[in-house]
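Residue numbers begin at 1 in each chain, while the letters A, B, ... track the order of the sequences.
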Number of protein chains: 2
Amino acid sequence: MPRTSPARDRLLATAAQIFYREGIHAVGVDRLVTEAGVTRATFYKHFPSKDDLVRAYVELEDAALRRLFADGAAQADDPSELLGVVIDGVALDVEHHHTRGCPFINAAAEFPDPEHPVRVAVRAHRDWFEATLVGAAEAAGVDDPAGVGRSLVLLRDAALVGSYLDGPAVAVPSFRSTARRLAGLGS
Amino acid sequence: MPRTSPARDRLLATAAQIFYREGIHAVGVDRLVTEAGVTRATFYKHFPSKDDLVRAYVELEDAALRRLFADGAAQADDPSELLGVVIDGVALDVEHHHTRGCPFINAAAEFPDPEHPVRVAVRAHRDWFEATLVGAAEAAGVDDPAGVGRSLVLLRDAALVGSYLDGPAVAVPSFRSTARRLAGLGS
DNA sequence: ACACGATCAGAATGATCGTTCTACCTTCAG
DNA sequence: CTGAAGGTAGAACGATCATTCTGATCGTGT
């Protein structure tokens with residue numbers, strides 16, 4: 001059971017797409033293995049249960065967002081511009097990539113138990129995201145960086161959900177203007 | 001098949017609680033009927049399928065919120081105070097009643113097809129809510145009432161989701177201060 | 001008294017769920 | 001040469017899924 005392998009990678013990547021687009025409890029193991037071109041035996045060689053695959057999916061999404069954020073931070077030389085870069089990045093991501101809502105919120109909706117590994121992974125992601133935004137707000141030198149960071153977390157949630165349910169055309173501009181005003185940036 | 005009956009009411013009320021607390025695809029018909037003290041035959045007498053019960057659940061939640069809002073509006077004599085009453089009402093609801101997130105967002109997470117009756121019901125609710133908030137913003141005489149109304153929709157989403165995933169202690173004050181500033185009210 | 005409509009009781013449908021199993025094939029290191 | 005490791009193929013497990021069925025029981029209005 002190697003940590004990585006072509007079959008495992010293919011399975012996880014396929015599962016990530018299907019879970020995000022169609023939900024988690026709604027798709028069965030049969031669907032996942034046939035779509036990924038993998039055998040059931042191979043599935044259970046790499047993941048002890050379906051829940052472990054779900055947790056791996058959430059952690060994959062978390063890793064992708066951390067990478068995206070690191071890339072964005074690297075391209076903002078002036079720390080006072082960092083918040084603006086983050087806001088633009090979220091807007092872009094919401095419009096073109098995450099059009100089916102927030103993968104973490106959607107996953108949490110299907111797992112009521114806060115102690116479930118999936119929920120633990122969601123909480124880890126949110127803790128990182130809040131800490132990162134508070135750090136960016138501090139670097140930008142705004143008043144009450146903790147409050148601004150928290151509010152930006154809420155606003156990203158709202159942007160992802162609103163874009164899914166009301167369409168990006170109405171949700172994204174609203175997110176953008178509210179977030180920029182909060183960050184002390186001119187619109 | 002009467003529009004209402006003790007058995008039907010009991011079934012719908014029970015289903016609403018269980019769907020909200022545990023999700024929709026995760027709970028089966030067996031669970032619903034035993035918990036409600038109703039027979040499978042009675043279930044299918046009143047609802048052609050489980051999906052119809054889910055739609056009824058979403059519509060029930062919508063009706064409850066419209067009633068809550070109407071009550072709140074009635075107790076605000078001065079229209080300039082209406083937005084503040086709404087914000088307080090949302091904060092109270094999020095803290096004490098809707099502690100498992102937004103029923104509409106959670107339901108939408110489990111139904112990817114935008115044409116599905118459940119999604120149609122969700123959209124109807126959100127359209128009503130936005131129109132109502134824009135109306136309240138107009139009555140309060142704020143600048144750009146459409147923008148303020150939209151933003152308040154986003155903020156309620158964020159408050160419900162944030163309260164579920166991060167806890168009300170951190171999400172509610174953040175919602176409150178952001179919303180009040182947006183509505184042009186002193187904090 | 002009677003019939004009807006609502007509900008109860010419980011078995012049965014076929015499909016799909018997550019999981020386990022046996023059996024065979026390939027690759028590569030000892 | 002051998003044998004472990006990673007994979008494929010496909011059957012099989014019991015459990016649960018949503019849905020349908022037969023048949024009896026109760027209450028109410030006529």
Side-chain angles (χ1 to χ4, degrees), chain A residues 1-58 106-107 109-113 116-119 121, chain B residues 1-58 106-107 109-113 116-119 121:
Chain A
M1 49 286 205
R3 282 191 58 87
T4 184
S5 86
R8 197 196 122 105
D9 294 349
R10 208 174 346 130
L11 176 56
L12 181 51
T14 307
Q17 286 190 57
I18 302 184
F19 282 154
Y20 181 61
R21 284 205 300 247
E22 308 185 21
I24 294 170
H25 290 330
V27 334
V29 172
D30 268 27
R31 174 86 187 289
L32 294 171
V33 296
T34 56
E35 205 96 11
V38 162
T39 308
R40 263 197 274 295
T42 305
F43 179 107
Y44 284 97
K45 278 249 186 327
H46 288 288
F47 300 96
S49 74
K50 186 192 171 188
D51 274 17
D52 288 87
L53 176 61
V54 177
R55 181 172 50 83
Y57 150 61
V58 171
N106 290 356
E110 297 202 51
F111 291 86
D113 177 11
H116 191 286
V118 168
R119 288 288 302 278
Chain B
M1 51 284 200
R3 281 190 57 88
T4 183
S5 86
R8 197 195 122 105
D9 294 348
R10 208 175 345 131
L11 176 57
L12 181 52
T14 307
Q17 286 190 58
I18 302 185
F19 282 154
Y20 181 62
R21 283 205 300 248
E22 308 185 20
I24 294 168
H25 290 330
V27 333
V29 173
D30 267 27
R31 173 85 187 289
L32 294 171
V33 297
T34 57
E35 205 94 11
V38 162
T39 309
R40 265 195 276 294
T42 306
F43 180 109
Y44 285 98
K45 277 248 184 330
H46 287 288
F47 300 95
S49 75
K50 186 192 170 187
D51 274 18
D52 288 270
L53 175 62
V54 177
R55 182 172 49 83
Y57 150 60
V58 171
N106 290 356
E110 297 203 50
F111 291 86
D113 178 10
H116 191 286
V118 168
R119 289 288 301 279

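In this entry the distance linking NE2 of A:His25 with P of C:dC17 reads 13 Å, nearest Å. The nearest whole Å value for the distance from the CD atom in B:Glu22 to the P atom in D:dT16 is 15 Å. Per the geometry, NZ belonging to A:Lys45 stands 18 Å off P belonging to C:dT26, to the nearest Å. Distance, B:Asp52 CG to D:dA18 P: 14 Å, rounded to whole Å. A straight line from CG of A:Asp9 to P of D:dG6 spans 14 Å, rounded to a whole angstrom. Following rounding to the nearest Å, A:Arg31 (CZ) and C:dG18 (P) show an atom-to-atom distance of 12 Å. Remark: P of C:dG5 and CZ of B:Arg8 are 19 Å apart, rounded to the nearest angstrom. Distance NE2 (A:His46) to C1' (D:dA5): 11 Å, rounded to an integer number of Å.
Proximity note for B:Thr42 (side chain, C-beta onward) versus D:dG7, C:dA9, C:dT7: the nearest is C:dT7.
For residues 25-44 of chain B, every residue pair satisfying the ring pair (Phe, Tyr, Trp, His ring centres under 6.0 Å) rule, not counting sequence neighbours, is listed here: B:His25-B:Phe111. Sorted by first then second residue, the salt bridge (charged side-chain N to carboxylate O under 4.0 Å, His left out) pairs that include residues 17-34 of chain B, not counting sequence neighbours, are B:Glu22-B:Arg31, B:Asp30-B:Arg40, B:Arg31-B:Glu35.
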Name the pairs: protein N/O against N/O of nucleotides 19-23 of chain C, kept only if under 3.5 Å.
unit_1, atom_1, unit_2, atom_2, d
C:dT19, OP2, A:Tyr44, OH, 2.9
C:dT19, OP2, A:Lys50, N, 3.0
C:dT19, O4, A:Arg40, NE, 3.1

Could you go through nucleotides 27-29 of chain D and list every protein N or O atom that sits under 3.5 Å from one of its N or O atoms, giving the distance for each pair?
none

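Here the CZ atom belonging to A:Phe19 is positioned 13.0 Å from the CG atom belonging to A:Asn106, to the nearest 0.5 angstrom. We find the CD1-CD1 distance between A:Ile24 and A:Ile18 to be 12.0 Å, quoted to the nearest 0.5 Å.
Scored by the side-chain contact (heavy atoms from CB on, under 4.5 Å) test, A:Ala7 finds A:Ser5, A:Arg10, A:Val38, A:Thr42 as partners (sequence neighbours excluded).
In this structure, the helix from C:dT19-D:dA12 to C:dG30-D:dC1 shows an angle of 10° between the axis at its start and the axis at its end, each fitted on 5 base pairs and rounded to 10°.
A:Val27 comes within 4.0 angstrom of sugar-phosphate atoms only, judged by non-hydrogen atoms across all strands, and of no base.
Side-chain contact annotation: A:His46 with A:Asp52, donor-acceptor N/O pair under 3.5 Å absent.
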